[in-house]
Engineer: 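Following this message is one structure expressed as structure tokens.
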Amino acid sequence: MSGKGLYSREGVYGKRSHSPPFNVKIGLNQMDAIITFREYSTTYAHFLFNAFDTDHNGAVSFEDFIKGLSILLRGTIQEKLNWAFNLYDINKDGYITKEEMLDIMKAIYDMMGKCTYPVLKEDAPRQHVETFFQKMDKNKDGVVTIDEFIESCQKVSDE
Ligand SMILES: [Ca+2]
Ligand SMILES: [Ca+2]
């Protein structure tokens, strides 16, 4: 795995828009550029990058990217929830811990905090996580499994 030979920012947005070959690797910086949340959202971009990088080799291949996008755009609810679970499960051990959820939530708040008014309170992410976690962790063992995640999300969308 090397950082060389990656698409440059100019490459991504270049005027010559040939469709890229399938072995193109998109690096973290390019991913950040594509997501266009700019500097302040690099943490969130990082989490998103990991969610797209399904084989965890540190690079998002064009195929990974397309796969991720097509799940987000056209996937079933189940597929989307699986994808979201994967995003929250930072260390990919199959469980979402409160810390993992807090990391994601902080990143999202960080990103939104810069452009929302009134400015969000410092402890808002933690309160948010507490509420979510209590609802999702059905058996109260301190972690959220994929089943618990899907069950809670579907319940919310049914209401
Ligand atoms: Ca985990
Ligand atoms: Ca649980």
Side-chain angles (χ1 to χ4, degrees), residues 1-3 6-7 23-116 119-159:
M1 170 179 67
S2 93
L6 298 172
Y7 255 38
N23 61 354
V24 168
K25 301 279 186 211
I26 300 171
L28 188 50
N29 290 339
Q30 284 73 31
M31 189 69 184
D32 200 350
I34 287 167
I35 300 169
T36 65
F37 289 145
R38 301 188 192 90
E39 308 77 41
Y40 56 75
S41 68
T42 46
T43 335
Y44 188 63
H46 185 79
F47 292 134
L48 273 178
F49 181 90
N50 285 338
F52 274 107
D53 180 16
T54 44
D55 53 4
H56 314 307
N57 66 350
V60 173
S61 67
F62 188 66
E63 211 183 336
D64 282 340
F65 190 64
I66 295 301
K67 240 188 265 172
L69 276 188
S70 76
I71 289 173
L72 289 179
L73 297 175
R74 293 198 305 265
T76 61
I77 288 175
Q78 185 88 16
E79 282 171 336
K80 284 179 192 167
L81 289 176
N82 273 323
W83 198 90
F85 184 87
N86 185 45
L87 172 67
Y88 281 98
D89 181 13
I90 297 171
N91 65 357
K92 316 296 174 207
D93 65 352
Y95 302 103
I96 300 174
T97 62
K98 210 175 268 188
E99 286 69 34
E100 287 174 323
M101 197 176 264
L102 190 60
D103 278 352
I104 301 277
M105 205 60 81
K106 272 185 187 157
I108 295 173
Y109 270 79
D110 256 15
M111 187 178 72
M112 293 187 342
K114 304 289 196 294
C115 45
T116 46
V119 177
L120 293 157
K121 281 195 217 108
E122 192 70 3
D123 59 346
R126 188 170 287 277
Q127 286 173 358
H128 219 136
V129 166
E130 286 295 334
T131 317
F132 277 161
F133 220 86
Q134 273 173 22
K135 281 190 187 156
M136 287 188 178
D137 185 12
K138 306 279 179 209
N139 64 356
K140 310 285 172 212
D141 66 349
V143 291
V144 174
T145 61
I146 182 76
D147 292 337
E148 288 174 324
F149 185 78
I150 288 177
E151 197 189 325
S152 336
C153 292
Q154 284 182 336
K155 207 168 272 176
V156 170
S157 59
D158 287 346
E159 271 164 16

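Just the heavy atoms: all of them, side chains too, but no hydrogens, waters or symmetry mates, feed the values below. Everything numeric here is computed off the predicted structure, so don't read it as measured data. Residue numbers run from 1 in the order of the sequence given. Atoms within each ligand, like the ligands themselves, are counted from 1 in listed order.
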Engineer: Which word best sums up how the rings of F85 and F149 line up, parallel for under 30°, tilted for 30 to 60°, or perpendicular for over 60°?
Structural biologist: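 Rings of F85 and F149: perpendicular, over 60°.
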Engineer: Is Y88 close enough to the Ca ion (ligand 1) to have an N, O or S atom under 3.0 Å?
Structural biologist: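 For Y88, the answer is no, given that no N, O or S atom comes within less than 3.0 Å of the Ca ion (ligand 1).
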Engineer: Could you tell me whether the Ca ion (ligand 2) has an N, O or S atom of T145 under 3.0 Å away?
Structural biologist: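 Checking the Ca ion (ligand 2) against T145, no N, O or S atom falls under 3.0 Å.
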Engineer: Tell me whether E130 is salt-bridged to K98, with the criterion being a basic N under 4.0 Å from an acidic carboxylate O.
Structural biologist: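 Salt bridge: yes.
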Engineer: Supply the atom-to-atom distance Y88 OH to D103 CG, rounded to the nearest 0.5 angstrom.
Structural biologist: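 It comes to 12.0 Å.
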Engineer: At the Ca ion (ligand 2), what is the angle formed between atom OE1 of E148 and atom O of V143, rounded to the nearest 10°?
Structural biologist: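 Value, to the nearest 10 degrees: 80°.
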Engineer: Does any N, O or S atom of T97, backbone or side chain, fall under 3.0 Å from the Ca ion (ligand 1)?
Structural biologist: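 Not a single backbone or side-chain N, O or S atom of T97 is under 3.0 Å from the Ca ion (ligand 1).
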Engineer: Could you give the distance from SG (C153) to NZ (K80), rounded to the nearest 0.5 Å?
Structural biologist: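 Rounded to the nearest 0.5 Å, the SG-NZ separation comes to 12.5 Å.
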Engineer: Using only atom types and a distance under 3.5 Å, with no angle test, would you say the side chain of E148 pairs donor to acceptor with the backbone of D137?
Structural biologist: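 Flag not set: sc E148 to bb D137 has no pair under 3.5 Å.
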Engineer: Can you tell me how far apart CD1 (I71) and CZ (F52) are? Round to the nearest 0.5 Å.
Structural biologist: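 So the gap between those two atoms works out to 9.0 Å.
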Engineer: Check D137 and report its N/O/S atom nearest to the Ca ion (ligand 2), by atom name.
Structural biologist: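 Going through the N, O and S atoms of D137 one by one, OD1 ends up nearest to the Ca ion (ligand 2).
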Engineer: What angle sits at the Ca ion (ligand 1) between OD1 of D93 and OD1 of D89, to 10°?
Structural biologist: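 Output for this angle: 90°, rounded to tens.
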Engineer: Compute the angle centred on the Ca ion (ligand 1) spanning OD1 of N91 and OE1 of E100, and express it rounded to 10 degrees.
Structural biologist: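 That angle is 120°.
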Engineer: Tell me, which N, O or S atom in D141 is closest to the Ca ion (ligand 2)?
Structural biologist: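 The D141 atom nearest to the Ca ion (ligand 2), restricting to N, O or S, is OD1.
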